[in-house]
Amino acid sequence: MQFWDTEPAKPVFDYDVERKRFIDNMEYLSTMPVEEQTLYKKWQEWNSDLPKSMARKPSLAKSFDMIWTPTDIYNKELTIKEIEELEPYVELITDSSGTAKWTDIRKCISSMEFTANPGRNIKAFAKDRKSGKVLGVISLGSDVTSLGVRDKYIGWQKENKFKDGKLNHTTIGTSIIATQPLGYNFLGGKLVSALTTSPTFRDLWKEKYGQTLIAVGTTSLYGIHSQYNGIPHFKTLGESTGKVSTKPDNEFYDIWHQWIKENKSEEYKRVTTQKEGIQGPVSGIKQRILSMIFKELGIKSTQYQHGFKRGVYFAMMYDNGNEFLRNEIDESQLKMKKKFEEGDDYTIRWWKKKAIRRYTKLHDENRLKPDTLYYMDIIGMSWEKAKETYLKEVGR
DNA sequence: AAGGCCGGTTTGCTAACGGG
DNA sequence: CCCGTTAGCAAACCGGCCTT
């Protein structure tokens, strides 16, 4: 590039400066406890491309109006009546405008940054049939291939999961979030969690992917004390080990991703190319690229594992489901557990009792939280202000 | 012994581009 | 300028084998 060129000059890449910026970012992230890092990623999600986020605000505001709220949360009689009259159900997302609304709400009510998973993916709203208002958001995806405590519980061998194809008979909840104020005041998180086992999902799984759904698993952000406790559908299996690399901010990742691509193209191709005849991306593609970056920059790959232990939960819907997943019995021999046979009716009946008890207690102890949690105002907010505003709210 | 690295499973979202 | 199309990019986790 010469000085008389009219093209805008490409910014000069200074290896040492960029290396330091990358490491500083990783260091910064690794000082954060799990709640803070989670919120930080949420803040990044909405603020790394501010003009784009700003442009989306009107649509976000519109989606906000879809959220269910009680008419007057301090009016005990009325509120209990409204809970009793709720008709929760699962509404599957089937078109692109539905997906857009779903993503708006997902990104605004969940403290967790949203990244769509490769593979199978089903999205839905939990809604009230009468008012049409949103109670929560659910997405189910291809199950994770390895989850220690789950595999131990099932007695799952590698062969069962892959060769026998049983991994396709379970799913993992990748988003299970209640709207507020339903979540906190009425245990909405437990309702939405339980609804992941709804016949609506089981039917679609069979129809769309051709396999019978045996179980729904999920992990919680902050260990084993979570919204999944005390739900008859789910069993707490333990904790994950957290051996996953912390992801740098996009700003720093993108620069080095690009650099590796250009300067180590041979190895990059080798690492990112899927084997012949296998669909989809290589496993953990971003984690692999990250470890290439680490290697290039002389960082030990174990240094920046996040170490966040997630709680692991499992809703096994059949009495002999584990035997099926271990390939010991045939599909025709499966026996569904009674509560799952009953489906949403069971779930709703169970939840309403709990919800009213919870609400009454909070009401009488003057501990109601009428506020809606909606990460729209985080757009354009400074990180300091965001911490002050939201850190106490970052989910359970 | 300790740490690095890879295998294993599944499509779908979304930004950018190009044609009418 | 508005579409349909396409290219690029993504998850979860851990066991076990390989290297130092």
Side-chain angles (χ1 to χ4, degrees), chain A residues 41 45 49 51-52 55-56 93-100 102-104 106-107 112-123 139-152 156-176 205 208-211 213 216-221 237-245 247 250 253-254 257-258 260-261 267-275 277-292 294-295 298-314:
Chain A
K41 290 292 175 191
E45 182 179 35
D49 188 343
K52 198 181 83 194
R56 277 183 65 183
I93 307 297
T94 52
D95 59 2
S96 57
S97 83
T99 303
W102 187 94
T103 308
D104 276 356
R106 161 63 173 82
K107 284 192 174 180
M112 185 82 168
E113 177 191 20
F114 179 59
T115 318
N117 65 293
R120 300 182 176 184
N121 199 294
I122 292 175
K123 295 182 171 62
S139 67
L140 303 180
S142 298
D143 208 353
V144 303
T145 51
S146 173
L147 193 55
V149 289
R150 176 202 65 187
D151 293 353
K152 205 168 155 206
W156 234 359
Q157 302 300 317
K158 225 174 169 176
E159 185 153 280
N160 303 140
K161 287 186 272 184
F162 308 125
K163 196 163 148 273
D164 302 336
K166 301 301 188 202
L167 193 64
N168 292 331
H169 289 266
T170 60
T171 183
I172 191 158
T174 50
S175 300
I176 304 176
W205 195 269
K208 195 170 169 190
Y209 303 119
Q211 276 124 3
L213 193 62
V216 180
T218 191
T219 60
S220 65
L221 292 181
L237 298 185
E239 284 183 331
S240 66
T241 62
K243 285 189 191 169
V244 176
S245 287
K247 279 181 273 181
N250 285 339
Y253 175 76
D254 291 347
H257 182 188
Q258 214 41 48
I260 292 278
K261 217 180 189 176
E267 199 187 345
Y268 180 84
K269 252 202 206 111
R270 185 177 59 78
V271 166
T272 56
T273 305
Q274 182 58 280
K275 278 191 293 190
I278 300 177
Q279 296 282 298
V282 297
S283 63
I285 184 162
K286 188 166 179 176
Q287 294 273 323
R288 277 163 199 255
I289 294 166
L290 251 187
S291 53
M292 279 189 74
F294 286 168
K295 211 165 106 191
I299 302 168
K300 270 201 294 185
S301 66
T302 43
Q303 185 164 351
Y304 295 117
Q305 290 181 343
H306 64 51
F308 301 152
K309 295 188 186 313
R310 316 292 196 193
V312 178
Y313 306 85
F314 202 59

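Chain letters run A, B, ... following the sequence lines, proteins first and then strands; every chain starts at 1.
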Exercise. Do any side-chain nitrogens or oxygens of A:Lys295 fall under 4.0 Å of OP1 or OP2 in B:dG3?
Worked result: no

Exercise. Where the side chain of A:Arg288 is concerned, which of C:dC13, B:dT10, B:dG7 is the nearest nucleotide?
Worked result: B:dG7

For this session: Let me know which of A:Thr170, A:Asp151, A:Asn168 forms a side chain to side chain donor-acceptor pair (under 3.5 Å) with A:Lys161.
Result: A:Asp151

Exercise. Is any side-chain nitrogen or oxygen of A:Lys286 closer than 4.0 Å to OP1 or OP2 of C:dA12?
Worked result: no

Exercise. Which part of the nucleic acid does A:Lys152 contact within heavy-atom distance under 4.0 Å: base, sugar-phosphate only, or nothing?
Worked result: nothing

Exercise. Under 4.0 angstrom, heavy atoms only, what part of the nucleic acid is A:Lys161 near: base, sugar-phosphate, or nothing?
Worked result: nothing

Exercise. How is A:Leu147 classified with respect to the nucleic acid when contacts are heavy atoms under 4.0 Å: base, sugar-phosphate, or nothing?
Worked result: sugar-phosphate

Exercise. Given that A:Ala116 and A:Ser240 both sit by DNA chain C, which one's nearest nucleotide is further toward the 5' end?
Worked result: A:Ala116

Exercise. Touch check for A:Lys123, heavy atoms < 4.0 angstrom, all strands: base, sugar-phosphate only, or nothing?
Worked result: sugar-phosphate

For this session: Please determine if a side-chain N or O atom of A:Lys208 lies less than 4.0 Å away from the OP1 or OP2 oxygen of B:dG12.
Result: yes

Exercise. Is the phosphate of C:dA11, meaning OP1 or OP2, less than 4.0 Å from a side-chain N or O of A:Lys247?
Worked result: yes

Exercise. Do the side-chain N or O atoms of A:Tyr209 get closer than 4.0 angstrom to the phosphate oxygens (OP1, OP2) of B:dG12?
Worked result: yes

